[in-house]
Amino acid sequence: MHPTSEPPIDPEESRLRVGPPADHAAGLKAVQVSMGRALRQMGPVKTARNLLTLNQADGFDCMSCAWPDPQGHRHTAEFCENGAKAVSWEGVRDTVGPAFFAEHSITDLAGRTDYWLEKQGRLTHPMVRRDGGDHYEPISWADAFALIGAHLNALDSPDEAIFYTSGRASNEAAFLYQLLARSYGTNNLPDCSNMCHESTSVGLAGTIGVGKGSVSLQDLHEADLIVVSGQNPGTNHPRMLTALEIAKRNGARILAINPLPEAGLLRFDNPQKARGLAGHGTGLADKLLRIRSNGDLALWQAIGHLLVTAHESAIDSAFVEAYTIGFESWKKHIRELDRGAVLRATGLTWAEIEEAAGMLASSKRIVHCWAMGITQHHNAVATIKEFVNVTLLQGMIGKPGAGLCPVRGHSNVQGDRTMGIWEKPPAIFLDRLRDEFGFEPPRHHGYDAADAVRALRDGRAKVFIALGGNFVAAMSDTNVTAAAMRKAALTVQISTKLNRSHVDAGRTALILPTLGRTERDLTGGRVQRVTVEDSMSAVHASRGRSAPAGPLLRSEVAIVCGIGASIAGNEIIWADFSDNYDEIRERIGRVVPGCEGYADKIRTAGGFTMPHGPRDHRTFPTAAGRAIFTVSPLEVLSVPPGRLVLQTLRSHDQFNTTIYGLDDRYRGIRSGRRVLFISAADLTELGFADGDHVDLISEWEDGVERRADRFRLVEYPTPKGCVAAYYPETNPLVPLDSQAAESGTPTSKWVVVRCERVKKVPHVGAGAADTRT
Ligand code: SF4
């Protein structure tokens with residue numbers, strides 16, 4: 001029996017309250033929330049042990065975002081509110097074992113919200129749902145591995161199996177996992193990067209030759225201008241605010257470009273400082289451009305145009321001459337700018353754009369930061385290439401205080417890619433893998449995340465194994481993804497907590513409980529460390545201290561080795577690795593470019609930084625051996641009358657698909673999530689009022705009607721025509737085939753929707769309140 005669940009609506013939404021948005025981030029409230037959650041969920045002893053070792057040199061790496069740790073002095077509390085929430089979420093005392101699954105059928109679980117599922121506690125036992133069953137039952141580890149082996153051994157082709165990775169997996173687990181997939185015979189290694197920063201990887205690799213950012217924390221501190229585009233650091237990378245504050249104290253200006261005036265772009269009340277706790281924080285954005293969704297490509301073409309035509313002294317001609325190609329073609333293109341198109345695309349005035357260009361022209365050290373507000377668009381790669389054009393024009397790469405800074409959202413998503421989690425591996429990586437392990441890896445490309453869904457949907461893939469994450473909730477087109485997953489013969493979820501992907505699972509489904517970052521890993525009877533890489537290419541060790549949530553939990557490394565050993569004819573000696581992570585690191589050192597001597601390097605406190613040619617010595621490993629100016633057509637995406645452009649985003653009480661609570665205090669939302677942020681002008685034009693409820697229907701060229709029901713309209717300072725709502729609730733609206741050109745990233749920041757008025761709102765009654773003034 002297979003439930004056909006759509007994520008249900010939380011009955012708690014009846015208590016939704018709306019107030020004014022905050023004008024600053026962090027402060028005393030952040031401390032209160034952090035400590036309150038930690039003490040409630042972990043108790044005092046575990047709270048002290050976990051929070052005092054979080055992000056410390058000999059402690060464990062925060063499992064939340066990929067913001068780097070300082071290289072020198074670290075504070076006693078070297079974390080943010082959302083880091084503390086992530087640790088509390090993992091360290092919670094509640095557990096989910098066989099008794100829970102005996103009580104709750106899968107049909108029952110399908111009727112629960114994602115928030116409820118994850119709130120139940122840590123998974124403690126390997127569990128299986130047999131084909132036709134409606135309950136998960138306990139299974140031994142040996143039988144679980146045998147079951148996986150039986151399925152993999154029976155496939156007609158290795159390409160019928162998919163090996164997905166979430167960005168939490170350690171470098172050691174990721175390296176073994178790609179070895180598992182490739183020694184089995186497939187490059188089907190989709191990852192969460194496919195859904196977020198793939199556009200960055202493609203855009204940077206195609207222009208500077210390296211798909212990673214080029215700055216260190218020190219560069220941010222030394223910059224005199226920091227551009228923050230399509231990013232909400234207050235919620236998604238909160239310790240970035242500390243770096244911005246240091247930069248401001250050093251005299252930097254900040255140019256923020258975002259549709260919403262997020263609290264973390266306005267002011268930072270640093271809770272490490274008395275001033276911050278007292279509410280006297282540091283002002284952040286010197287200029288905030290409230291741009292229309294998808295206006296960034298046009299904006300950066302306009303800024304390039306103004307630099308070339310009105311600020312020639314800002315051009316670093318020596319750099320352009322020595323290190324780049326394609327400048328003249330780009331200059332010709334950019335000179336012919338269509339101003340009218342720029343103004344339509346951005347919703348900004350020409351004076352605002354001139355002011356922004358003037359800020360760049362008058363700066364000597366510029367760091368460009370961006371996140372998903374840029375990457376999840378149809379033309380995301382072109383936009384990132386336009387950032388690069390302006391960066392090259394001004395020679396802002398490979399010098400102190402300057403460079404490109406994509407800010408990644410999941411703690412080890414960059415490291416996993418370095419370790420070979422990629423459906424399109426480069427030949428050099430495969431050659432080294434072959435030489436080290438003595439097998440010929442597959443050379444044809446595998447499935448990315450969207451292709452994985454298509455393959456499952458169409459019956460071309462039958463087994464889906466996930467090293468962490470919550471693929472069903474994270475991926476676009478939720479109903480299509482869930483249905484595809486239910487068609488699989490076998491799904492395997494290596495997980496810490498219950499989630500939607502355990503409900504919308506294959507006909508046979510396994511849950512394999514694994515250790516979290518906070519927990520002591522005694523695999524093989526010795527204390528094991530793992531390693532991770534942050535957004536700025538710094539690699540370091542991570543070691544948890546807390547007792548595991550249950551005695552049956554295994555490390556990700558041990559689980560991957562167990563699966564590997566179950567595959568008939570696989571010649572990798574998995575036992576060499578399962579107890580000895582140093583041996584894995586020795587192999588990483590011999591296979592992964594840039595990781596030579598890895599096992600030794602990570603023994604140094606603070607680890608090491610991966611080499612990066614453009615950053616380190618202005619060498620650009622492109623085919624031409626130079627950085628490349630690229631020409632992209634200026635696009636103005638049109639929206640039919642009466643329709644709006646939706647961007648999906650996180651609340652402040654959320655990390656990716658994990659929902660910690662129902663508040664988003666930075667945007668004035670309490671006790672609910674089904675809200676649609678909409679401008680006053682759109683409310684008037686569409687005949688709605690703040691507080692009305694609507695169903696959202698997305699419109700896409702395939703003609704399929706995708707719905708997400710019952711959202712309360714919240715008047716908000718978002719540009720006219722642009723609305724915003726939380727994911728994963730709105731992921732059902734993002735069509736699977738609506739992907740960024742070149743990178744395939746879902747276009748979650750550009751979803752054309754219409755609103756239909758809800759006449760009767762069943763759950764909203766006397767308890768609903770609106771405290772907005
Ligand atoms: S900034 Fe990111 S990595 Fe650092 S503590 Fe906060 S959530 Fe964790």
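We count ligands from 1, going down the list as the structure has it; atoms in each ligand are counted the same way.
Taking Arg615 as the reference, nothing meets the side chain to side chain donor-acceptor pair (under 3.5 Å) condition, with sequence neighbours excluded. Taking the ring-ring contact (aromatic ring centres under 6.0 Å, His included) definition, one finds that Tyr727 meets it with nothing, sequence neighbours left out. Lys601 meets the side chain to side chain contact (heavy atoms under 4.5 Å, CB included) test with Phe608; sequence neighbours excluded.
Screening the protein for N, O or S atoms under 2.8 Å from atom 2 (Fe) of ligand 1 yields 1; no waters enter the count.
With a heavy-atom cut-off of 4.0 Å, Asn55 touches ligand 1 through its side chain alone.
Taken to the nearest 0.5 Å, the CZ atom of Arg40 stands 11.5 Å off from the CE atom of Met35.
Judged by distance alone, the side chain of His502 and the main-chain N or O of Asn499 form a donor-acceptor pair under 3.5 Å.
Salt bridge Glu90/Lys497: absent, no basic N to carboxylate O contact under 4.0 Å.
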